[in-house]
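Following: one structure in structure tokens, then a few remarks.
Both backbone and side-chain heavy atoms feed into the values below; hydrogens, waters and symmetry mates do not.
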Amino acid sequence: MKNTFLLLCILGLFGCAQKGGLYSWGNYEAQTYNYFKGESPEAQVLALEKQMNDAKAKGQNLPPGFHAHLALLYEKTGKPNEMHAMFEAEKKLYPESSTYINNILNGFKDLK
């Protein structure tokens, strides 16, 4: 019994220490923080586009909300076509977000 518990603890530690993870977070969390601090949307777009390209080159998945966040930055920088493309990418990758994304898009109907 004691050995089984020890084995489970060790396996749990190895599972927590696993490299890579499910998503490529990169500096996404820092960029989200910078958004709320008022950093230039153009600088944030460049950073997130770089992260997106790096993740794609490595075959990694981007986390939920990444494409939607980039879409809002595209709207702020006057790029409605890119905004719509990123919102559609978010819906395709995370279908559970479709209702929320559609509600956001309804607010941007004049930008199509």
Side-chain angles (χ1 to χ4, degrees):
M1 181 77 154
K2 186 176 182 181
N3 289 338
T4 304
F5 177 72
L6 182 61
L7 180 63
L8 288 175
C9 288
I10 291 171
L11 289 175
L13 289 174
F14 280 115
C16 291
Q18 176 183 346
K19 280 194 166 212
L22 187 59
Y23 302 111
S24 172
W25 288 92
N27 64 352
Y28 174 58
E29 292 169 318
Q31 288 303 318
T32 304
Y33 177 71
N34 290 340
Y35 173 79
F36 290 110
K37 281 182 35 182
E39 182 182 283
S40 158
E42 292 83 4
Q44 292 176 54
V45 165
L46 292 175
L48 291 179
E49 285 177 339
K50 180 184 181 324
Q51 181 180 344
M52 185 170 56
N53 292 332
D54 290 348
K56 184 177 181 179
K58 294 176 184 175
Q60 298 173 327
N61 297 317
L62 293 165
F66 183 94
H67 293 91
H69 183 78
L70 185 53
L72 292 174
L73 292 171
Y74 280 141
E75 188 275 328
K76 287 188 172 288
T77 57
K79 298 178 180 175
N81 293 333
E82 289 87 345
M83 177 194 76
H84 285 282
M86 285 297 112
F87 276 135
E88 291 302 320
E90 184 77 23
K91 290 191 317 186
K92 183 178 179 184
L93 291 168
Y94 305 103
E96 64 276 11
S97 70
S98 292
T99 301
Y100 180 65
I101 298 297
N102 288 338
N103 285 334
I104 293 172
L105 284 171
N106 284 335
F108 292 117
K109 282 188 177 183
D110 58 324
L111 296 176
K112 283 189 177 181

Give, for atom [atom1] of [X] and atom [atom2] of [Y], the distance between the pair rounded to the nearest 0.5 Å.
| X | Y | atom1 | atom2 | answer |
| --- | --- | --- | --- | --- |
| K92 | S97 | NZ | OG | 13.5 Å |
| E88 | S98 | CD | OG | 8.5 Å |
| Q44 | K76 | CD | NZ | 9.0 Å |
| K79 | M86 | NZ | CE | 11.0 Å |
| I101 | H84 | CD1 | NE2 | 12.0 Å |
| L62 | L93 | CG | CG | 8.0 Å |

Next item on the list: Could you give me the CA-CA distance, side-chain angles and deciding distance for K91 and Y100, then say whether side chain to side chain contact (heavy atoms under 4.5 Å, CB included) is met?
Entry: CA-CA 9 Å; K91 290 191 317 186; Y100 180 65; over 6 Å; no

Check: Hey, does the side chain of E75 reach the backbone of M83 with a donor-acceptor pair shorter than 3.5 angstrom?
Finding: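 No, because the side chain of E75 does not come within donor-acceptor range (under 3.5 Å) of the backbone of M83.
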
Notebook entry, point to check: Is a side-chain donor or acceptor of E90 paired with a backbone partner of A68 at a separation under 3.5 angstrom?
Noted result: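 Looks like yes, one N/O pair under 3.5 Å.
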
Next item on the list: Indicate yes or no: does D54 engage K58 in a salt bridge with an N to O separation below 4.0 Å.
Entry: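 Salt bridge flag = no for K58 with D54.
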
Checklist line | Nearest atoms (heavy-atom pairs only) where Y94 meets P63 | finding: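 That closest heavy-atom pairing would be OH-C, 3.6 Å.
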
Notebook entry, point to check: What are the two closest non-hydrogen atoms of F66 and L48, and how far apart are they?
Noted result: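 Smallest heavy-atom distance, with atoms named: CZ-O, 3.3 Å.
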
Check: Within a strict 4.5 Å, meaning less than it, do heavy atoms of the N102 and F87 side chains meet?
Finding: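 Heavy-atom side-chain distance check fails, nothing below 4.5 Å.
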
Item checked: Residue pair Y74 / P41, side-chain heavy-atom distance below 4.5 Å ->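 Not in contact.
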
Checklist line | Pairing residues for N103 by the side chain to side chain contact (heavy atoms under 4.5 Å, CB included) criterion, not counting sequence neighbours | finding: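 N103: side chain to side chain contact (heavy atoms under 4.5 Å, CB included) contacts with T99, N106.
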
Checklist line | Hphob cluster co-occupancy, Y33 + L70, side-chain heavy atoms under 4.5 angstrom | finding: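 No, Y33 does not connect to L70 through the hydrophobic network.
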
Next item on the list: Determine whether L46 and L73 fall in the same hydrophobic cluster, where Ile, Leu, Val, Met, Phe, Trp and Tyr are linked whenever their side-chain heavy atoms lie under 4.5 Å apart.
Entry: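 Per the 4.5 Å side-chain linkage, L46 and L73 are not co-clustered.
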
